[in-house]
Every structure is written in structure tokens, then in C-alpha cells.
> 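Sending over a structure as C-alpha cells; questions will come in a sec.
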Amino acid sequence: MEYTTLYKSPLGNITLASDGVAITGLWFENQKYFARTLSKETSQKNLSIFNDAKKWLDIYFVGEQPDFDLPLATKGTQFQEDVWKVLLDIPYGTTCTYGDIAKKIAQRHNKKTMSAQAVGGAVGHNPISIIIPCHRVVGANKSLTGYAGGIHLKVSLLELEKININQYKLPTKGTAL
């Protein structure tokens, strides 16, 4: 059984999910892969983990770095889990590239190289947006690509962290996101 609750953020409604102990999901309304990992049996319930997550999000959405961690429980392949762990190491207010993550994953698995595209797929399927900061990942050419919630949300989250968006290239109309 998983539990859900709604959080009204300045950027739109967010659904939070939990197994009762840890956060298992965080999705913006209508985002790609919305609730993909959520179990079929869910119930809305007021849980202390949700209160903690809402406090974390309240701090984040006023433009500050939360000073505590939340227990997280993701459900993915081993490769996805490895990528999501690397995402957690990206410092607040900074970005890295898909290629940077691919290099780290390759090193951890004693491989010479790793596909940045494969990393992009794992990043895009991150079930706990914001807290696992997939919005901090950019293209090698400083392009803002690949955010399941939409580029407009990625830009807003980066600006919230005081990252200068002017250094990045926004996708042109007609570009696949």
C-alpha cells in the first residue's frame, strides 16, 4: 500500500507518494511518467513523512536549500538507481551534464565509457523530482533539455536556486523535449 497527498507549490500542484516510511514519488501535475511507479493500491493519508516533505518543499520554494534530508525509496532498475544516486550528489545551485554523470557511472562500474543517452533516459524517469534533483542536469553544449515536467519548470527550478539561466540554451520551437 502506498499513500498520496497533494502539495500546492508556486509552480503548480505536486503529488507526493510514500510507503509510510519514505517518499516514493514526487510528480508535478501532468508531468511525463506521472505516478508511473505508484502502486495500484493507494490511499490519501496524512503521514508524518508528508509533513516533513512539505516542510522541505516550503523551504525549497522560498529559494533556500533545505538543511535536512528525507528518507527516499525509489523503484527502478539497478542502472536507474545508480544514476539517481549520482543526482543526489549534485550540489544545490549547480548543474552538471549527462556526460558528467555517464563518466561517474562508468567509473563506478569499471567501464571505459557509458552512454550519456542512457543516463538521460534514467534521469527522465526519476520518480522523485526536485528532491532527487534531475532539473540540475543539462546538455553538454549548455542546452536545457530533458525535464519530464517541461522545460518551463526546469528553468523555474534553476532560477529558484539562483542559477543564471542566461548561460544556457533554451530549446527552439519544434525541438523534442
Side-chain angles (χ1 to χ4, degrees), residues 1-96 98 101 104-105 108 119-138 144 146-163:
M1 171 70 80
E2 276 185 285
Y3 306 96
T4 61
T5 192
L6 186 68
Y7 175 81
K8 293 180 185 263
S9 87
L11 300 178
N13 289 337
I14 290 174
T15 297
L16 290 162
S18 174
D19 59 8
V21 176
I23 295 298
T24 59
L26 186 159
W27 304 276
F28 280 101
E29 194 171 73
N30 300 318
Q31 94 173 40
K32 194 174 184 181
Y33 312 119
F34 180 86
R36 180 186 59 86
T37 58
L38 195 59
S39 65
K40 290 188 182 0
E41 287 190 42
T42 63
S43 174
Q44 288 199 346
K45 190 172 182 181
N46 186 18
L47 301 170
S48 63
I49 185 65
F50 287 148
N51 294 334
D52 293 343
K54 289 176 179 181
K55 180 180 176 186
W56 192 100
L57 290 166
D58 286 344
I59 294 167
Y60 181 83
F61 280 114
V62 295
E64 296 177 15
Q65 180 179 1
D67 60 355
F68 62 96
D69 293 325
L70 296 166
L72 306 175
T74 53
K75 297 177 228 165
T77 67
Q78 186 59 55
F79 178 74
Q80 288 172 325
E81 297 283 343
D82 289 347
V83 170
W84 300 335
K85 284 177 187 164
V86 172
L87 294 178
L88 286 167
D89 292 334
I90 304 170
Y92 179 94
T94 67
T95 60
C96 75
Y98 296 96
I101 295 171
K104 287 180 183 178
I105 298 294
R108 290 182 183 183
V119 166
V123 170
H125 284 82
N126 170 19
I128 307 177
S129 297
I130 304 172
I131 297 171
I132 299 178
C134 52
H135 61 279
R136 296 180 189 150
V137 184
V138 300
L144 294 180
Y147 190 66
I151 294 300
H152 67 289
L153 288 176
K154 183 172 191 159
V155 168
S156 295
L157 294 170
L158 294 174
E159 287 176 333
L160 196 62
E161 294 185 24
K162 297 171 184 60
I163 294 173

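Reckoned from all heavy atoms, side chains included, excluding hydrogens, waters and symmetry mates.
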> Using modelled atom types and a 3.5 Å cut-off, is there a donor and acceptor pairing between side-chain atoms of Trp27 and backbone atoms of Leu16?
no

> Testing the basics here: between Pro133 and Leu87, what is the closest heavy-atom pair and its distance to 0.1 Å?
CG-O, 3.2 Å

> Determine whether the side chains of Glu29 and Thr15 contain a donor N or O and an acceptor N or O closer than 3.5 Å.
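Result is no, nothing qualifies.
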
> Should the heavy atoms of other residues, nucleotides or ligands under 6.0 Å from NZ of Lys162 be counted, would the total exceed 12?
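Yes, the 6.0 Å shell around NZ holds more than 12 heavy atoms from other groups.
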
> Please determine whether side-chain contact (heavy atoms from CB on, under 4.5 Å) holds for the pair Ser129 and His135, giving the CA-CA distance in whole Å, both sets of side-chain angles, and the decisive distance to 0.1 Å.
CA-CA 8 Å; Ser129 297; His135 61 279; over 6 Å; no

> Do the side chains of Val137 and Ile90 get nearer than 4.5 Å, heavy atoms only?
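Yes; the side chains approach each other to less than 4.5 Å.
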
> Measure across Pro71 and Val21 and return the closest heavy-atom pair with its distance rounded to 0.1 Å.
CG-O, 3.5 Å

> Starting from the C-alpha separation in whole Å, work towards a yes-or-no answer on side-chain hydrogen bond (donor to acceptor under 3.5 Å, both in side chains) for Glu2 and Thr24.
CA-CA 8 Å; Glu2 276 185 285; Thr24 59; 2.5 Å; yes

> For Arg108 versus Asp82, what's the shortest heavy-atom pair and its separation?
NH1-O, 4.3 Å

> How long is the straight-line distance from CG of Leu57 back to CG of Leu11, given to the nearest 0.5 Å?
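With rounding to 0.5 Å, CG (Leu11) is 10.5 Å from CG (Leu57).
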
> Any donor-acceptor pair under 3.5 Å linking the side-chain atoms of Glu81 with those of Thr74?
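Indeed, the side chains of Thr74 and Glu81 share at least one donor-acceptor pair under 3.5 Å.
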
> Is any side-chain heavy atom of Tyr147 closer than 4.5 Å to a side-chain heavy atom of Asn126?
no

> Show the nearest heavy-atom pair for residues Phe79 and Ala122, with the distance to one decimal.
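Nearest pair, atom of Phe79 first, then Ala122: CE2-CB, 4.0 Å.
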
> In terms of heavy-atom contacts, does NZ of Lys55 have more than 12 from other residues, nucleotides or ligands at under 6.0 Å?
no

> Look at atom CG of Asp69 and say whether more than 12 heavy atoms of other residues, nucleotides or ligands are closer to it than 6.0 Å.
no

> In terms of side-chain heavy atoms, does Asp19 have a donor or acceptor partner in Tyr3 at a distance below 3.5 Å?
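Result is no, nothing qualifies.
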
> Atom NZ in Lys104, atom CG in Asp89: separation rounded to 0.5 Å?
6.5 Å

> Could you go step by step and tell me if Val155 and Ile151 meet the side-chain contact (heavy atoms from CB on, under 4.5 Å) rule?
CA-CA 6 Å; Val155 168; Ile151 294 300; 4.1 Å; yes

> For the residue pair Thr5 / Lys54, report whether a side-chain donor-acceptor contact shorter than 3.5 Å exists.
yes

> Hey, is CD on Glu41 packed in by over 12 heavy atoms from elsewhere, all under 6.0 Å?
no

> Flag the pair Leu72 / Leu70 as yes when at least one side-chain heavy-atom distance between them is below 4.5 Å, and no otherwise.
yes

> Would you find a donor on one side and an acceptor on the other, under 3.5 Å apart, between the side chain of Ser9 and the backbone of Asn13?
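No; judged by distance alone, with no hydrogens or angles, the pair does not exist.
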
> In the structure I gave you, are the side-chain heavy atoms of Ile101 and Cys96 within less than 4.5 Å of one another anywhere?
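The answer is yes, as the side chains (C-beta and beyond) meet within the 4.5 Å cut-off.
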
> Classify the ring geometry between Tyr92 and Tyr60 as parallel (under 30°), tilted (30 to 60°) or perpendicular (over 60°).
perpendicular

> Short question: side chain of Gln80, backbone of Thr77 - any donor-acceptor pair under 3.5 Å?
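Pair found, side chain donor or acceptor close to backbone of Thr77.
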
> Between Val123 and Trp84, does a side-chain contact (heavy atoms from CB on, under 4.5 Å) hold up when you go through it step by step?
CA-CA 7 Å; Val123 170; Trp84 300 335; 5.9 Å; no

> Given Leu26 and Ile132, is the side-chain contact (heavy atoms from CB on, under 4.5 Å) satisfied, shown in steps?
CA-CA 9 Å; Leu26 186 159; Ile132 299 178; over 6 Å; no

> Strictly distance-based, threshold 3.5 Å: is any side-chain N or O of Lys8 a donor or acceptor partner for the main-chain N or O of Ile14?
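Pair absent, no side-chain N/O of Lys8 close to backbone of Ile14.
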
> Taking the side chain as everything from C-beta on, heavy atoms only, tell me whether Glu161 gets closer than 4.5 Å to Arg136.
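In short, these two side chains touch, coming nearer than 4.5 Å.
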
